[in-house]
K.L.:
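Here's a structure for you.
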Amino acid sequence: MRLATWNVNSIRSRADRVAAFLQRHDVDVLALQETKCRDDQFPEMVFSALGYEVAHVGHSQWNGVAILSRIGLEDVEIGFAGMPSWSSKEGQDPAPEARALGATCGGVRVWSLYVPNGRTLADPHLQYKLEWLAALRTTAAGWLAEDPQAPVALVGDWNIAPQDDDVWDMSVFAHSTHVSPPEREAFRAIVDAGYADVVRPLAPGPGVYTYWDYTQLRFPRREGMRIDFVLGSPALAGRVTGALIDREERKGKGASDHAPVLVDLAE
């Protein structure tokens, strides 16, 4: 089984590119983040023509997550238990955002996750991010308490660089989100709950990234961050036979600012 995750940064503008990626890499399951469209706008036909079932949740031109699978798509779940809500406008009631989507694909429970950005160290969005991650940790730990042998993949854009070698220059991020101690602790808490970073052992840093900002020639200068991860439960981590960050997908006209991450699982 080949599982991939990709922050595509607008599925409508990159549907053909995603379709080509699926075929080139022979992907069985693809989790997408930042689809930036409503459910009725998702270009499902592009992928159903290739044999993929599609689950998607999106409310507007922001956020949005999806799972594409050609090996089954069952028990689709929008959001996880305890997931916090958010309101971007004062006086507006908080509402759940389109940031988490789960489905069982070929016997593996896959969660496509788009962790809140946090924005700045002084922004209320950072507290929302930390609460969101804490809720995920509690719920995900509960899944393993119920079934220690459950193959669960928590995949997506985590908006955290958990180690110093996951950013090109720590001094540039000294007063920024993504590398702050509370964010790193929140990421580590999920790892400690039983979900291992299954890609790092097979694609170690430094200099191995999944995201490069569009500005200041970050990509050709190799000035990136590793913020997209596949975290696997013990049963899933034990099946990993290979991993790849497809840096080539960050190249060329119309590329997303993220590269896809792929993992191969033994049956």
Side-chain angles (χ1 to χ4, degrees), residues 3 5 7 31-34 57 63 65 67 75-87 94-105 108-119 121 123-164 166-167 176-201 210-211 225-240 243 261 263:
L3 168 67
T5 181
N7 178 322
L32 296 172
Q33 301 84 42
E34 210 171 353
V57 57
N63 307 325
V65 284
I67 298 174
D75 302 323
V76 175
E77 188 176 355
I78 297 173
F80 52 84
M83 189 178 80
S85 297
W86 172 255
S87 175
E97 293 189 299
R99 292 187 176 275
L101 184 68
T104 300
C105 308
V108 174
R109 189 64 177 169
V110 178
W111 279 90
S112 180
L113 304 170
Y114 182 37
V115 176
N117 181 282
R119 299 176 183 168
L121 296 179
D123 196 296
H125 205 257
L126 178 57
Q127 186 59 37
Y128 165 56
K129 178 180 190 174
L130 297 174
E131 292 172 356
W132 199 96
L133 288 162
L136 175 62
R137 188 257 177 219
T138 298
T139 299
W143 296 331
L144 293 185
E146 291 174 7
D147 182 2
Q149 298 305 313
V152 183
L154 307 178
V155 311
D157 178 358
W158 291 76
N159 273 314
I160 299 172
Q163 297 186 17
D164 286 358
D166 291 325
V167 296
S176 302
T177 58
H178 292 55
V179 299
S180 72
E183 291 167 280
R184 287 181 163 181
E185 288 167 11
F187 184 94
R188 189 161 51 248
I190 294 172
V191 173
D192 291 345
Y195 293 88
D197 173 0
V198 301
V199 176
R200 184 181 300 279
T210 65
Y211 164 83
M225 307 175 73
R226 173 151 52 175
I227 58 176
D228 302 82
F229 294 91
V230 176
L231 301 189
S233 66
L236 184 124
R239 291 170 53 184
V240 174
V261 181
V263 170

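Since this is a predicted model, take the numbers as computed values, not measurements. We count residues from 1, following the sequence as given.
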K.L.:
How long is the span from the CD atom in E185 to the CG atom in D192, to the nearest 0.5 Å?
P.N.:
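Going from the CD atom of E185 to the CG atom of D192 covers 11.0 Å.
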K.L.:
Can you measure from CZ (R226) to CH2 (W158) and round to the nearest 0.5 angstrom?
P.N.:
14.5 Å
K.L.:
Over all heavy atoms of both residues, which pair between I67 and G102 is shortest? Give the atoms and the distance, please.
P.N.:
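That closest heavy-atom pairing would be CD1-C, 4.0 Å.
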K.L.:
Please examine the side chains of F229 and V155, heavy atoms only from C-beta on, and report whether any two atoms are closer than 4.5 Å.
P.N.:
no
K.L.:
Taking the side chain from T5 and the backbone from V261, do they hold a donor-acceptor pair closer than 3.5 Å?
P.N.:
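Side chain of T5 to backbone of V261, a donor-acceptor pair under 3.5 Å: no, none is there.
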K.L.:
Looking at residues at least two apart in the chain, or sitting in another chain, which of them share a side chain to side chain donor-acceptor pair (under 3.5 Å) with D157?
P.N.:
N7
K.L.:
How long is the span from the CZ atom in F187 to the CD1 atom in I227, to the nearest 0.5 Å?
P.N.:
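Between F187 CZ and I227 CD1, I get 11.0 Å after rounding to 0.5 Å.
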K.L.:
Salt bridge between R109 and E77, side-chain N to carboxylate O under 4.0 Å?
P.N.:
yes
K.L.:
With a 4.5 Å heavy-atom cut-off, do P162 and H178 have their side chains touching?
P.N.:
no
K.L.:
For a side chain to side chain contact (heavy atoms under 4.5 Å, CB included) check, start with the C-alpha distance between V108 and R239, then their side-chain angles and the critical distance, and finish with the verdict.
P.N.:
CA-CA 11 Å; V108 174; R239 291 170 53 184; 3.8 Å; yes
K.L.:
For the ring pair W143 and Y195, is the centre-to-centre distance below 6.0 Å?
P.N.:
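No, ring centres 6.0 Å or more apart.
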K.L.:
Considering residues at least two apart in sequence or located in another chain, which fulfil the side chain to side chain donor-acceptor pair (under 3.5 Å) criterion with D164?
P.N.:
R184
K.L.:
Atom CH2 of W132 and atom CZ of R137: how far apart are they, to the nearest 0.5 Å?
P.N.:
15.0 Å
K.L.:
Is the backbone of N159 close enough, under 3.5 Å, to the side chain of K129 for a donor and an acceptor to pair up by distance?
P.N.:
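Side chain of K129 to backbone of N159: a pair is present.
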K.L.:
Can you tell me how far CD of E34 sits from OH of Y114, rounded to the nearest 0.5 angstrom?
P.N.:
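Going from the OH atom of Y114 to the CD atom of E34 covers 3.5 Å.
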K.L.:
Working to the nearest 0.5 Å, report the span between CD1 of I160 and OG of S180.
P.N.:
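Output value for this atom pair is 8.0 Å.
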K.L.:
Has T177 got a side-chain atom pairing as donor or acceptor with L121's backbone, closer than 3.5 angstrom?
P.N.:
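No, T177 side chain to L121 backbone: no donor-acceptor pair under 3.5 Å.
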K.L.:
Could you walk me through whether V65 and L113 satisfy the side chain to side chain contact (heavy atoms under 4.5 Å, CB included) test, starting with their C-alpha distance in whole Å, then the side-chain angles of each, then the deciding distance to 0.1 Å, before giving a yes or no?
P.N.:
CA-CA 7 Å; V65 284; L113 304 170; over 6 Å; no
K.L.:
When you measure from the side chain of D147 to the backbone N and O of L144, does any donor-acceptor pair fall under 3.5 Å?
P.N.:
no
K.L.:
Are the side chains of V115 and Q33 in touch, meaning some heavy atoms are under 4.5 Å apart?
P.N.:
no
K.L.:
Do the side-chain N and O atoms of S85 and E97 include a donor-acceptor pair separated by under 3.5 angstrom?
P.N.:
no
K.L.:
Heavy atoms only: give me the nearest L154-A140 pair and the separation to one decimal.
P.N.:
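In this case the closest contact between L154 and A140 is CD1-CB, 4.2 Å.
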K.L.:
When you measure from the side chain of T139 to the backbone of A81, do you find a donor-acceptor pair of N or O atoms at a distance under 3.5 Å?
P.N.:
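Flag set: sc T139 to bb A81 pair under 3.5 Å.
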K.L.:
Restricting to non-hydrogen atoms, name the atom on A161 and the atom on V167 that form the minimum distance, rounded to 0.1 Å.
P.N.:
CB-CG1, 3.6 Å
K.L.:
I'd like to check E183 versus L130 (side-chain heavy atoms, cut-off strictly below 4.5 Å). Are they in contact?
P.N.:
yes
K.L.:
Quick one: does Y128's side chain get under 4.5 Å of P116's, heavy atoms only?
P.N.:
yes
K.L.:
Compare all side-chain heavy atoms of V110 with those of T104 and state whether any distance is below 4.5 angstrom.
P.N.:
no
K.L.:
Can you check whether R200's main-chain N or O pairs, donor with acceptor, with D197's side chain at less than 3.5 Å?
P.N.:
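Yes: the side chain of D197 pairs with the backbone of R200.
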K.L.:
Which heavy atom in G82 sits nearest to a heavy atom in A135, and how many Å separate them?
P.N.:
O-CB, 3.3 Å
K.L.:
Determine the minimum heavy-atom distance between A100 and F80, stating which atoms define it.
P.N.:
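Looks like CB-CD2, 3.7 Å.
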K.L.:
Taking S233 for its side chain and V152 for its backbone only, find out whether a donor-acceptor pair lies under 3.5 Å.
P.N.:
yes
K.L.:
Shortest non-hydrogen contact from V76 to A103?
P.N.:
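Scanning both residues completely, I find the closest heavy atoms to be CG2-CB, 4.1 Å.
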K.L.:
Keeping T138 on the side-chain end and A134 on the backbone end, is there a donor-acceptor pair under 3.5 Å?
P.N.:
yes
